[in-house]
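We use all heavy atoms of the structure for the numbers below, so side chains are in, but hydrogens, waters and symmetry mates are not.
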Amino acid sequence: MINDLAPTGKPDKEQQSTITEQMTEQVTELSEDMEMVSPGAMLREARKALSLSQEHISSKLNFKVDLVNDIENDIFSPSTPVTFIRGYLVNYAKLVAVEVEDILASYDALDAASIQRSEMLSFSNETTKQAEHSRVMWLSYLIVAVLVGLTVLWWQQESSQQAANPVSLTADSQEVNVEKISDEQAATAVVQGSLSEDTASVTNDVQIIGQKSENETLNSAEVTEIPAVLPELIVSETAQPQVPEISTAVFTFKGDCWVNIYDATGERIAWGVKKAGYVMTIQGKAPLSITVGKPELTSIVFNGKPIDMSAFDDGNIAKFKLPIIAE
């Protein structure tokens with residue numbers, strides 16, 4: 001509220017003396033806490049001591065009432081230059097008879113306190129960032145450790161699988177050798193039986209020829225030619241050892257497709273994701289064990305003959321052997 005008794009001009013000497021005495025008493029009472037008094041509080045107390053209103057101050061200084069209120073509450077806009085703020089404080093101090101040096105010193109102390117608070121806030125933010133950085137660093141270490149552990153585990157599994165494959169391969173080789181030996185023994189027995197029969201037949205023919213024919217020389221020449229044919233028969237029937245057949249398969253992929261292929265020896269000859277349009281030719285001992293992720297995207301030609309892939313469901317993994325053998 002505007003005080004009707006408020007002076008319209010400058011305070012006289014008596015009023016100035018009274019104000020000075022009041023301020024001296026206040027300074028004496030607050031001498032110990034002077035550092036904590038802000039410029040706005042000092043100006044507000046001086047105005048109230050003179051029974052002046054904020055409206056009166058604004059009219060005398062040509063300030064807005066909001067500006068007077070902000071000054072008394074130490075609210076200074078960062079966009080306002082410091083020179084202007086100091087000018088406002090000086091004019092206000094002169095109007096209410098407060099020492100200008102005290103007001104400016106209090107303002108400078110207030111500014112220093114704000115700077116200190118800003119520094120403390122900056123330090124706190126930096127400490128927080130360091131803590132967050134430390135947590136992120138430890139999380140990164142943990143992720144790296146997990147990846148290393150998974151890599152070691154995968155390597156151990158691959159080593160175990162590779163160690164198991166030679167054992168199965170050796171067993172398969174032994175079975176194949178046994179089968180070959182059995183086949184050779186059977187073939188030898190058949191040839192020996194055939195040879196015995198042929199020899200007996202020749203002996204009988206010789207006896208018959210000796211009894212019936214008068215031309216013993218001719219007959220004996222024919223008999224001597226027959227045993228010469230027998231070694232050739234034995235050689236042809238003993239045949240060369242069978243060589244493992246190497247089959248060829250050509251894969252054409254219409255889209256991205258995952259495959260995994262093993263030959264009869266257990267060796268993996270193809271695996272991984274094959275891109276659309278890729279043509280892959282593989283060779284290995286039949287039967288070939290095939291696993292295809294998307295059979296509808298795969299065309300296969302095995303030993304020059306196309307394979308019908310329509311028997312497999314679209315979108316499902318197909319597992320089969322070439323030549324086609326039901327699993």
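Taking 4.5 Å as the limit, some side-chain heavy atom of N303 sits within range of a side-chain heavy atom of T248. Proximity of E296 to K254: side-chain heavy atoms (C-beta onward) are nowhere separated by under 4.5 Å. In this structure the side chain of Y92 never reaches within 4.5 angstrom of the side chain of V98, judged on heavy atoms. Residues H56 and L50 fail the side-chain proximity criterion, which asks for heavy atoms closer than 4.5 Å. Two residues are said to be in side-chain contact when any heavy atoms from C-beta on lie closer than 4.5 Å; K94 and V90 meet this criterion. At least one side-chain heavy atom of I290 sits less than 4.5 Å from a side-chain heavy atom of F251.
Both I307 and V292 sit in one connected hydrophobic cluster of ILVMFWY residues. Membership requires side-chain heavy atoms under 4.5 Å apart, directly or through other members. Cluster membership for V152 and W154, using ILVMFWY side-chain heavy atoms within less than 4.5 angstrom, is not shared. There is a path of hydrophobic side-chain contacts, each under 4.5 Å, that joins I103 to V82. Cluster membership check: I282 shares its hydrophobic cluster with V259, using side-chain heavy-atom separations under 4.5 Å among Ile, Leu, Val, Met, Phe, Trp and Tyr. Hydrophobic clustering of Ile, Leu, Val, Met, Phe, Trp and Tyr side chains at less than 4.5 Å, counting indirect connections, keeps L297 apart from L322.
Judged by distance alone, the side chain of S58 and the main-chain N or O of V68 form no donor-acceptor pair under 3.5 Å. Counting only distance, with no hydrogens or angles, the side chain of D70 and the backbone of I75 share no donor-acceptor pair below 3.5 Å. The backbone N or O of G87 lies less than 3.5 Å from a partner atom in the side chain of N91, making a donor-acceptor pair. A distance-only check finds a donor-acceptor pair linking the side chain of S160 to the backbone of Q156 [under 3.5 Å]. The main-chain N or O of W155 is found under 3.5 Å from a side-chain atom of S159 such that the two form a donor-acceptor pair. Formation of a donor-acceptor pair under 3.5 Å by the D263 side chain with backbone atoms of L288 is not found in this model.
Across all their heavy atoms, S77 and S79 have their closest contact at OG-OG, 2.8 Å. Closest approach of Q283 to I269, counting heavy atoms only: O-CD1, 3.9 Å. The two residues F312 and A318 have their closest heavy-atom pair at CD2-CB, 3.6 Å.
Each of K64, R44, Q54 was evaluated against N69; a single residue qualifies, Q54, per the side-chain contact (heavy atoms from CB on, under 4.5 Å) test. Considering T298, I261, I300 as possible partners of M280, the one that fulfils the side-chain contact (heavy atoms from CB on, under 4.5 Å) test is I261.
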Check against side chain to side chain contact (heavy atoms under 4.5 Å, CB included), W271 and T291 = CA-CA 9 Å; W271 68 93; T291 302; over 6 Å; no
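Between I71 atom CD1 and D66 atom CG the span is 11.0 Å, to the nearest 0.5 Å. Atom CG in L43 sits 8.5 Å away from atom OG in S106 (nearest 0.5 Å). Separating the CD1 atom in I57 from the CZ atom in R47 is a distance of 7.0 Å, to the nearest 0.5 Å. For the atom pair CD of Q162 and CZ of R268, the computed distance is 9.0 Å after rounding to the nearest 0.5 Å. Here the CD atom belonging to E132 is positioned 9.0 Å from the NZ atom belonging to K129, to the nearest 0.5 angstrom. Atom-to-atom distance recorded for L104:CG and I85:CD1 is 12.0 Å, nearest 0.5 angstrom.
Taking the six-membered ring where the residue is Trp, the centroids of F76 and Y88 are separated by 6.0 Å or more.
Relative orientation of the F253 and Y278 rings is parallel, given thresholds of 30° and 60° on the angle between their planes.
Within a 6.0 Å sphere centred on NZ of K274, other residues, nucleotides and ligands contribute more than 12 heavy atoms.
Of the charged side-chain nitrogens involved, at least one lies within less than 4.0 Å of a carboxylate oxygen, so that D108 and R86 count as a salt-bridged pair.
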